[in-house]
Amino acid sequence: MPEFDETEADLTGVAPRIAPKPTVEQIGGRKLKPSTLMMGHGYDPMLSEGSLKPPIFLTSTFVFPNAAAGKRHFEGVTGKRPGGAEGLVYSRFNGPNQEILEDRLGVWEEAEDALAFSSGMSAIATLFLAMVKPGDTIVHSGPLYAATETLIGRILGKFGVKWLDFPAGATREEIDAVLGEAARGHVALIYLESPANPTNALVDVEAVAASRDAIFGDEKPPIAIDNTFLGPLWHQPLKHGADIVVYSLTKYAGGHSDLVAGGVLGSKAHIDVIRSMRNTIGTITDPNTAWMLLRSLETLELRMSRAGENAVKVCAFLRDHPKVERVGYLGFLADTPGMERQADIYRRHCTGAGSTFSLLVKGGETEAFAFLDALKIAKLAVSLGGTETLASHPAAMTHLSVPEARKQALGITDNLVRISIGVEDADDLIADFDQALAAV
């Protein structure tokens with residue numbers, strides 16, 4: 001695992017706790033569910049005048065009880081003393097809202113530790129900066145979110161970082177071939193996105209982990225995965241061999257299209273390395289956004305469940321529509337010829353099909369645009385995982401910067417529309433899609 005060079009940065013270390021966790025995590029031997037723990041985990045009302053919900057701590061800095069405590073906190077924050085600070089220091093490093101949020105993020109996937117960031121891309125960028133150095137290789141699945149591909153290929157590439165990729169649905173043999181070639185150099189990170197954006201193709205995380213372990217032995221690079229499309233309710237990659245999970249918390253975790261944030265969670269050893277980089281470059285989320293995420297996590301299971309139920313009904317309608325070429329919905333994999341391997345990955349990895357999918361309209365860009373322009377309930381906007389239904393055109397919008405040849409190779413075609421189903425009435429959504437398709 002990489003070591004962040006503490007001689008080159010003076011602000012590293014492990015985040016402290018603001019207080020011992022008061023949360024009851026078991027009752028009568030029963031382990032409480034994440035949806036229950038979201039109501040109070042990591043927060044003691046008695047430390048905040050009895051306030052039922054955490055206040056928003058709008059402060060840039062925190063008062064030390066005495067000079068010796070301030071010195072000790074900074075010894076931890078700077079890495080001069082192992083174990084991290086024992087209190088709050090400065091809002092670029094930690095804060096009460098952020099620490100409570102990070103506690104609750106880790107609950108869903110039983111992660112050892114978690115970090116919150118100012119956006120999904122700042123989380124990804126901080127991860128890469130913490131893990132790689134010039135001359136290293138990143139192996140990744142494809143496609144990735146366009147900004148992630150740009151970060152790897154165009155930005156990190158300028159600093160001598162190399163990359164190799166394999167398609168999201170690759171077999172163990174195909175993964176072995178790519179990792180075997182990459183192993184000629186120094187592979188610092190294996191980065192996955194599953195389901196892939198925007199094709200919904202699944203990555204076999206178990207096969208990637210098995211291939212990594214067989215090829216690299218004791219010197220194995222960590223496996224990080226963007227779990228935004230399905231997590232944490234329908235996919236928990238840490239249980240299938242991943243070491244680090246990345247989120248755009250803007251999506252399902254935030255869930256109301258009113259904030260931008262990111263998250264990284266996983267083993268404490270890896271999170272400590274990433275935290276050191278975050279402390280240095282200042283990519284932590286702000287207190288107000290952290291507070292809004294705490295609010296949203298209380299209803300995460302309810303929102304995701306309703307959206308998933310709606311998607312089942314909407315996709316069943318779209319699948320049989322004469323103007324639809326194909327619906328890239330995970331719930332259809334078991335019944336789709338030629339998708340046996342994807343169906344096997346879904347059966348082993350996922351507990352639900354999600355509410356974001358690709359819709360291929362018969363025709364091309366003209367027909368896709370006509371459909372999008374005719375929508376009345378669904379909003380023509382990028383992003384996903386909100387309470388409202390959203391539809392966008394990846395080839396012309398989120399993935400516009402991807403080279404044309406690569407878009408075609410990855411299946412990001414001009415007739416592909418990405419749809420994220422919200423929590424509206426399912427029959428109303430069906431009526432909207434029906435009239436929009438009629439306009440094609």
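What you are looking at is a predicted structure, and each value in this text was computed from that prediction instead of being measured.
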Step-by-step side-chain contact (heavy atoms from CB on, under 4.5 Å) determination, Val205 to Ile225: CA-CA 9 Å; Val205 182; Ile225 180 170; 3.7 Å; yes
In sequence, state the C-alpha distance, the side-chain angles, and the governing distance for Asp286 and Thr289, and then conclude on side-chain hydrogen bond (donor to acceptor under 3.5 Å, both in side chains). CA-CA 6 Å; Asp286 66 276; Thr289 300; 2.6 Å; yes
Steps toward side-chain contact (heavy atoms from CB on, under 4.5 Å) verdict (Arg326, Leu359): CA-CA 6 Å; Arg326 183 170 63 84; Leu359 172 69; over 6 Å; no
Test side-chain contact (heavy atoms from CB on, under 4.5 Å) applied to Phe433 and Thr389, step by step: CA-CA 11 Å; Phe433 289 131; Thr389 295; 4.1 Å; yes
As a quick check of understanding, evaluate salt bridge (charged side-chain N to carboxylate O under 4.0 Å, His left out) for Glu367 and Lys362, giving each step before the final call. CA-CA 7 Å; Glu367 288 74 17; Lys362 288 183 179 178; over 6 Å; no
When you look at Asp176 and Arg212, which way does the salt bridge (charged side-chain N to carboxylate O under 4.0 Å, His left out) test go after all the steps? CA-CA 8 Å; Asp176 282 346; Arg212 185 269 312 263; over 6 Å; no
For the pair Lys162 and Asp136, evaluate salt bridge (charged side-chain N to carboxylate O under 4.0 Å, His left out) and give the outcome as yes or no after the intermediate values. CA-CA 6 Å; Lys162 296 170 257 186; Asp136 285 347; over 6 Å; no
Test salt bridge (charged side-chain N to carboxylate O under 4.0 Å, His left out) applied to Lys31 and Glu110, step by step: CA-CA 12 Å; Lys31 185 177 180 180; Glu110 298 181 347; 2.7 Å; yes
With side-chain contact (heavy atoms from CB on, under 4.5 Å) as the criterion, how do His256 and Thr387 come out once you've worked through the C-alpha distance, each side chain's angles and the decisive distance to 0.1 Å? CA-CA 5 Å; His256 295 78; Thr387 51; 3.9 Å; yes
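Counting heavy atoms from C-beta outward, Asn97 and Met292 have side chains that stay 4.5 Å or more apart. Met277 places none of its side-chain heavy atoms less than 4.5 Å from the side chain of Val273. Taking 4.5 Å as the limit, some side-chain heavy atom of Leu238 sits within range of a side-chain heavy atom of Glu109. When side chains are defined from C-beta on, Ser392 does not count as touching Val417, because their heavy atoms never get closer than 4.5 Å. Inter-residue side-chain proximity for Ile284 and Phe93 is flagged as unmet; no heavy-atom pair is nearer than 4.5 Å. With contacts defined as side-chain heavy-atom distances shorter than 4.5 Å, the pair Pro198/Tyr145 does not qualify. Counting only heavy atoms from C-beta outward, the side chains of Val107 and His41 approach each other to under 4.5 Å. In this structure, His349 and Asp204 have side chains that are in contact, with non-hydrogen atoms separated by less than 4.5 Å.
Rounding to the nearest 0.5 angstrom, the gap separating the CD atom in Glu298 from the CG atom in Leu293 is 11.5 Å. Taken to the nearest 0.5 Å, the CD1 atom of Ile421 stands 11.5 Å off from the CG atom of Leu384. In this structure, CG in Leu410 is found 11.5 Å from CG in Leu416, a value given to the nearest 0.5 Å. The CD1 atom of Ile138 lies 11.0 Å from the CD1 atom of Ile190; values are rounded to the nearest 0.5 Å. In this structure, CG in Leu129 is found 7.5 Å from CG in Leu151, a value given to the nearest 0.5 Å. To the nearest 0.5 Å, atoms CG (Leu259) and CG (Leu249) are separated by 8.0 Å.
One N or O on the side chain of Glu112 and one on the backbone of Lys268 form a donor-acceptor pair closer than 3.5 Å. A donor-acceptor pair is defined here as one N or O able to donate and one able to accept, closer than 3.5 Å; such a pair exists between the side chain of Arg278 and the backbone of Ala116. Between the Ser122 side chain and the Ser119 main chain, a donor and an acceptor come within less than 3.5 Å of each other. Without hydrogens or angle criteria, Ser420 side chain to Gly385 main chain gives a donor-acceptor distance under 3.5 Å. When atom types are taken as modelled, the side chain of His393 and the backbone of Thr398 share no donor-acceptor pair closer than 3.5 angstrom. The main-chain N or O of Asn197 is found under 3.5 Å from a side-chain atom of Glu193 such that the two form a donor-acceptor pair. A donor-acceptor distance shorter than 3.5 angstrom exists from the side chain of Asn310 to the backbone of Gly422, with no hydrogens or angles considered.
Taking all atoms of both residues into account, the shortest heavy-atom contact from Ala114 to Leu265 is CB-CB, 3.7 Å. When every heavy atom of Leu390 is checked against every heavy atom of Ala381, the shortest pair comes out as CB-O, 3.8 Å. Residues Leu300 and Ala253 approach most closely at CD1-CA, 3.8 Å, considering heavy atoms. The two atoms that bring Gly169 and Glu174 nearest to each other are O-OE1, 4.5 Å, heavy atoms only. The nearest pair of heavy atoms linking Thr285 to Ala261 is OG1-CB, 4.3 Å. Across Leu202 and Gln342, no two heavy atoms sit closer than the pair N-OE1, 2.7 Å.
Judged by distance alone, the side chains of Asn415 and Glu365 never bring a donor and an acceptor atom under 3.5 Å apart. Using modelled atom types and a 3.5 Å distance limit, the side chains of Gln98 and Glu102 yield no donor-acceptor pair. Using modelled atom types, one finds a donor on one side chain and an acceptor on the other under 3.5 Å when comparing His235 with Asn227. In this structure, a donor-acceptor pair under 3.5 Å is present between the side chains of Lys251 and Ser248. No side-chain N or O of Asn200 forms a donor-acceptor pair with one of Ser358 less than 3.5 Å apart. Between the side chains of Ser257 and Glu388, a donor-acceptor pair is found at a separation under 3.5 Å. Between the side chains of Thr283 and Thr126, at least one donor N or O lies within less than 3.5 Å of an accepting N or O.
Residues passing the ring pair (Phe, Tyr, Trp, His ring centres under 6.0 Å) test with Phe117: none are found, sequence neighbours excluded. Applying the ring pair (Phe, Tyr, Trp, His ring centres under 6.0 Å) rule to Phe317 yields the partners His321; only residues at least two apart in sequence or on another chain are considered.
With a 6.0 Å cutoff to the six-membered ring centre and a 45° limit on the axis angle, Arg418 does not count as a cation-pi contact of Phe357.
Using bins of under 30°, 30° to 60° and over 60° for the plane-to-plane angle, the ring pair Trp163/His140 lands in the tilted bin. The aromatic rings of Trp234 and Tyr252 stand perpendicular to each other, their planes meeting at an angle above 60°, with 30° marking the opposite boundary.
Tested against Glu149, the residues Arg154, Arg406, Lys407 include a single salt bridge (charged side-chain N to carboxylate O under 4.0 Å, His left out) partner, Arg406.
Heavy-atom neighbours of Tyr90 OH from other residues, nucleotides or ligands within 6.0 Å: at or below the threshold of 12. Dense packing is recorded around CH2 of Trp108, with more than 12 heavy atoms of other residues, nucleotides or ligands lying under 6.0 Å away. The local environment of NZ in Lys313 is sparse, with at most 12 non-hydrogen atoms from other residues, nucleotides or ligands closer than 6.0 Å.
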